[in-house]
Amino acid sequence: MKLIKNYDLEVFSPPCDPGAERFAAKARLNMDINEVLPYLNAILHGAVYNPAAPALTWKRDGHSLAFHPFEILISNLDDRQAAENEIEALIDLVNRTWERREEIDPDFETHQRPTHLAVYKLLPLTNCRACGESTCFTFALKLVASQRSLGECPTLSEPGHQKNYTALHNMLPEAPAIG
């Protein structure tokens with residue numbers, strides 16, 4: 001059974017950047033989704049859950065997302081259609097997570113995002129530019145911001161780097177299948 005059946009959508013340019021060609025979206029929900037937050041916390045690597053707020057924040061593909069009891073927000077979108085599509089996909093993610101809650105161990109812990117330096121130390125540190133960035137540190141910054149993925153560093157897939165790849169995979173945000 002779906003948790004979210006109806007919502008009101010607002011797509012806007014953030015007031016802190018008027019005239020920008022970026023958009024944000026807010027889905028005002030018709031019900032409280034607080035109960036699903038620990039389940040989302042369990043499946044969204046890199047999410048930061050604050051049960052006292054209650055809120056769960058997450059970064060994916062350069063977008064900042066926030067789940068609150070009666071709203072879902074996303075920022076840094078290209079256009080209105082992308083905003084509508086992303087919100088629809090997030091609503092679907094919440095509903096699928098709720099439907100699968102019997103299979104998921106809820107995570108009530110507050111986790112911190114990894115620091116840029118912690119991620120950097122696990123990279124090959126070759127500055128080979130095979131990922132398209134000028135340095136491994138720049139790549140680490142973009143990994144933490146969810147603007148790049150681990151698969152974009154070919155050196156990490158070479159023998160001798162499996163342990164670091166696994167550690168990075170476990171600490172970085174990971175986008176589950178959405179939509």
Side-chain angles (χ1 to χ4, degrees), residues 1-116 118-119 141-150 168-179:
M1 179 162 55
K2 289 185 177 182
L3 181 64
I4 302 171
K5 296 178 182 129
N6 298 307
Y7 61 92
D8 294 318
L9 178 64
E10 178 185 353
V11 178
F12 55 94
S13 270
C16 58
D17 199 5
E21 296 189 22
R22 304 301 292 170
F23 291 85
K26 178 190 303 186
R28 287 187 193 86
L29 310 176
N30 64 340
M31 63 160 336
D32 185 342
I33 64 165
N34 187 37
E35 287 185 59
V36 77
L37 298 182
Y39 296 97
L40 289 169
N41 191 38
I43 66 167
L44 301 177
H45 290 275
V48 177
Y49 176 52
N50 182 346
L56 183 133
T57 58
W58 186 46
K59 290 190 177 283
R60 180 177 61 85
D61 298 331
H63 306 297
S64 294
L65 300 99
F67 298 85
H68 298 279
F70 288 95
E71 64 186 12
I72 298 172
L73 301 102
I74 184 167
S75 68
N76 198 27
L77 298 154
D78 293 330
D79 56 46
R80 290 185 179 280
Q81 188 60 53
E84 291 175 16
N85 294 345
E86 288 290 335
I87 286 290
E88 189 174 304
L90 292 170
I91 296 289
D92 185 58
L93 172 66
V94 169
N95 283 333
R96 282 186 293 118
T97 302
W98 185 250
E99 290 169 0
R100 293 184 42 238
R101 68 188 178 279
E102 299 293 326
E103 307 165 23
I104 303 169
D105 290 326
D107 184 353
F108 295 92
E109 299 295 317
T110 299
H111 305 281
Q112 297 298 316
R113 285 189 186 95
T115 65
H116 307 103
V119 169
L141 291 170
K142 291 189 176 184
L143 279 172
V144 172
S146 299
Q147 295 173 342
R148 301 302 297 268
S149 67
L150 282 178
L168 286 163
H169 176 75
N170 290 335
M171 73 167 41
L172 289 168
E174 176 182 309
I178 296 180

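These figures come from a predicted structure and were not determined experimentally.
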Taking every heavy atom of Phe70 against every heavy atom of Asp32, the minimum-distance pair comes out as CE2-N, 3.3 Å
Can you tell me how far CG of Asn76 sits from CZ of Phe23, rounded to the nearest 0.5 angstrom? 12.0 Å
Measure the OG1-CG distance between Thr97 and Leu93 for me, rounded to the nearest 0.5 Å. 4.0 Å
Assess whether side chain to side chain contact (heavy atoms under 4.5 Å, CB included) is satisfied between Leu65 and Glu86, documenting all intermediate values. CA-CA 10 Å; Leu65 300 99; Glu86 288 290 335; 5.7 Å; no
How far apart are the closest heavy atoms of Leu37 and Leu56, and which atoms are they? O-CD1, 3.6 Å
Is there side-chain contact between Thr57 and Ser64, with heavy atoms separated by less than 4.5 Å? no
Rounded to the nearest 0.5 Å, the CD1 atom of Ile74 sits from the CZ atom of Arg60 at a distance of 5.5 Å
How long is the straight-line distance from CZ of Arg100 back to CD1 of Ile43, given to the nearest 0.5 Å? 6.0 Å
Might you point out which heavy atoms bring Ala55 and Tyr49 nearest each other, and give the distance in Å? O-CD1, 3.4 Å
Look only at the side chain of Ser75 and the backbone of His63, and say whether a donor-acceptor pair between them is shorter than 3.5 Å. no
Just verifying a value: how many Å separate Leu77 CG and Arg22 CZ, rounded to the nearest 0.5 Å? 7.0 Å
Would you say that Tyr7 contacts Ile87 through its side chain, given a criterion of any heavy-atom pair below 4.5 Å between the two side chains? yes
Over all atoms of both residues, closest heavy-atom pair of His116 and Val144: CD2-CB, 3.7 Å
Hey, does the side chain of Arg80 reach the backbone of Val11 with a donor-acceptor pair shorter than 3.5 angstrom? yes
Just do the side chain to side chain contact (heavy atoms under 4.5 Å, CB included) check on Leu40 and Ile33 with the steps written out, would you? CA-CA 11 Å; Leu40 289 169; Ile33 64 165; 5.6 Å; no
For Leu9 and Ala25 the tightest heavy-atom approach is CD1-CB, 4.2 Å
Apply the test side chain to side chain donor-acceptor pair (under 3.5 Å) to residues Asn95 and Glu99: give CA-CA distance (whole Å), side-chain angles for both, the deciding distance (0.1 Å), then the verdict. CA-CA 6 Å; Asn95 283 333; Glu99 290 169 0; over 6 Å; no
Would you please test Tyr39 and Glu103 for side chain to side chain contact (heavy atoms under 4.5 Å, CB included) and show each step? CA-CA 10 Å; Tyr39 296 97; Glu103 307 165 23; over 6 Å; no
Look at atom CD of Glu84 and say whether more than 12 heavy atoms of other residues, nucleotides or ligands are closer to it than 6.0 Å. yes
Quick check for you: to the nearest 0.5 Å, what is the distance between Asn85 atom CG and Asp78 atom CG? 11.5 Å
Test side chain to side chain contact (heavy atoms under 4.5 Å, CB included) applied to Met31 and Leu3, step by step: CA-CA 8 Å; Met31 63 160 336; Leu3 181 64; 3.6 Å; yes
What one should report as the nearest heavy-atom pair of Asp107 and Asn41 is O-ND2, 2.8 Å
